[in-house]
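What follows is a set of notes on a single structure, which appears directly below.
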Amino acid sequence: MAKVSLNLVALGVTLLLLAETWAQRAKKSQVDSKPAKAGQCCEEVRSLKIQVANLTSLFGELSRKQETDLRNVVKQIMDLEKRNRQQEDRVTEAESKYSEINNRVEIIQLQSLQSATHTSSDAIYDCASLFTKNYRISGEYNLPKDEFLGTPELSVFCDMETNGGGWTVIQRRKVGLTSFNRDWKQYKTGFGSIRGDFWLGNDHIFRLTRQPSVIRIELEDWEGETRYAEYGYFTVGNELNSYKLFLANYSGNAGDSLRYHNNTNFSTNNKDNDKCLDDCASIRKGGYWYNCCTDSNLNGVFYRYGEHTRNADGITWYGWHGSTYSLKRVEMKVRPVGFHP
Ligand SMILES: *[C@@H]1O[C@H](CO)[C@@H](O)[C@H](O)[C@H]1NC(C)=O
Ligand SMILES: *[C@@H]1O[C@H](CO)[C@@H](O)[C@H](O)[C@H]1NC(C)=O
Ligand SMILES: *[C@@H]1O[C@H](CO)[C@@H](O)[C@H](O)[C@H]1NC(C)=O
Ligand SMILES: *[C@@H]1O[C@H](CO)[C@@H](O)[C@H](O)[C@H]1NC(C)=O
Ligand SMILES: [Ca+2]
């Protein structure tokens, strides 16, 4: 494995050097005022760059694979008695890995395209922008760093299928091995695995919802039934404003169980910003826009097989299954208001 990596790196360096040489020649031919030849040369530089990016991504792919394998082993040890469910997870995992490889090829092309022509209207700041640029496969995408928008590089999961696509997923619960009982800083920057369970991060959610946004919440219970809740307007404040939630215009069939959390600040186990004498984040064991305390608790504890009558700290949505039923699967996703597929 190490030898392969070294070879890849060596090859990458060689390609970079070649690219440099070409660039130099490109400059010379520009001086000689031969625009046609210069154009052709830049094409080749770009194609070399793509190949370097390709190798880098292959290398990344290898180490990511190792990491995933390790995680799978841990999962097996922990969940031996729940093999059926695990198989199901693995199929999902494999499916998304496959679509990720497809996506990656496209992202590499996209990035080289970006460095070639960069104007504000070309900016990629969410999955909706990718969708309008004809990226139609659901999976992981890398939103490039953008000087113009002042945004860092960010790995996101795009749902390009549900109800017209263009959704940037901000939260997912489905595997159940990642704890969501985390502190302020972790909720700020995000945690978990973009293809498994994760919170994208309050700073990123703030940034995404600076443009007027819709939020869609999809829920599944342990019988396999699904429901959804959509809010035609969703935004959160910045950190100075404690990521305060603002919502409007509910629709769906799951019940309006985020309304109770409207106009509340975000709380975590080390920052009690709720509207209650109690410390809701500690009682409900998650980070959320706790009021006093919940009508939903999508960042609560993952309980297998739903019922957990002892505590009200599960992944709950009172409008559908009440306060003691912990859901099997949740996804929260956003896209701009007025997005037309
Ligand atoms: C790398 O490029 C080769 C062709 O040059 C292509 O067959 C392969 O799919 C690419 N792989 C990735 C991960 O981009
Ligand atoms: C809610 O929907 C109504 C009717 O479509 C619209 O006029 C209003 O602006 C929406 N509210 C927000 C906050 O987007
Ligand atoms: C929310 O937090 C801000 C400061 O971040 C504070 O000024 C405001 O009073 C809080 N609002 C509520 C409803 O607790
Ligand atoms: C949330 O509160 C605002 C007022 O601050 C209100 O306009 C809006 O309709 C509320 N949203 C819901 C879903 O009730
Ligand atoms: Ca409190």
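Note that the numbering runs from 1 along the sequence shown for the chain. Because only heavy atoms are used, hydrogens play no part in the values below, and waters and symmetry mates are left out as well, while side chains stay in. Order of listing sets the numbers, starting from 1, for every ligand and every atom in it.
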Distance from atom 13 (C) of ligand 2 to nearest protein heavy atom, with residue and atom: Ala248 CB, 3.8 Å

Enumerated ligand 3 atoms positioned under 4.0 Å from heavy atoms of Leu240: 4 (C), 5 (O)

Flag: protein heavy atom within less than 4.0 Å of atom 1 (C) of ligand 2: yes

Under 2.5 Å between SG of Cys276 and Cys293: no

Check: Asn297 and Ile315 side chains under 4.5 Å, non-hydrogen atoms: no

Selected option - heavy-atom contact closest to atom 5 (O) of ligand 3, from Ser242, Gly237, Ser267: Ser242

Protein non-hydrogen atom found under 4.0 Å from atom 11 (N) of ligand 3: yes

Contact atoms of ligand 3, heavy-atom distance to Lys275 under 4.0 Å: 13 (C)

Test: Cys158-Cys127 SG spacing under 2.5 Å: yes

Closest approach to the Ca ion (ligand 5) by Asp274, given as the N, O or S atom name: OD1

Atom 9 (O) of ligand 3 - nearest protein heavy atom and its distance: Asn265 ND2, 4.8 Å

Between CG on residue Asn265 and NZ on residue Lys244, distance to nearest 0.5 Å: 6.0 Å

Atoms in ligand 3 flagged as close to Asn241, the criterion being non-hydrogen separation under 4.0 Å: 5 (O)

Leu245 to Val236 - nearest heavy-atom pair and separation: CD1-CG1, 4.4 Å

For the student: nearest non-hydrogen atoms of Ser129 and Tyr125, plus distance: OG-N, 3.2 Å

Side chains of Asp221 and His321 in contact at under 4.5 Å (non-hydrogen atoms): yes

Geometric N/O contact Tyr233 with ligand 2, under 3.5 angstrom: no

N, O or S of Asp278 under 3.0 Å from the Ca ion (ligand 5): yes

Arg195 charged N/C atom sitting above Phe157 aromatic ring, 6.0 Å / 45°: no

Residue and atom name of the nearest protein heavy atom (relative to atom 6 (C) of ligand 2), distance in Å to one decimal: Asn249 ND2, 4.2 Å

Ring geometry between Phe266 and Tyr187 (parallel below 30°, tilted from 30 to 60°, perpendicular above 60°): tilted

Any N, O or S atom of Cys276 closer than 3.0 Å to the Ca ion (ligand 5): yes

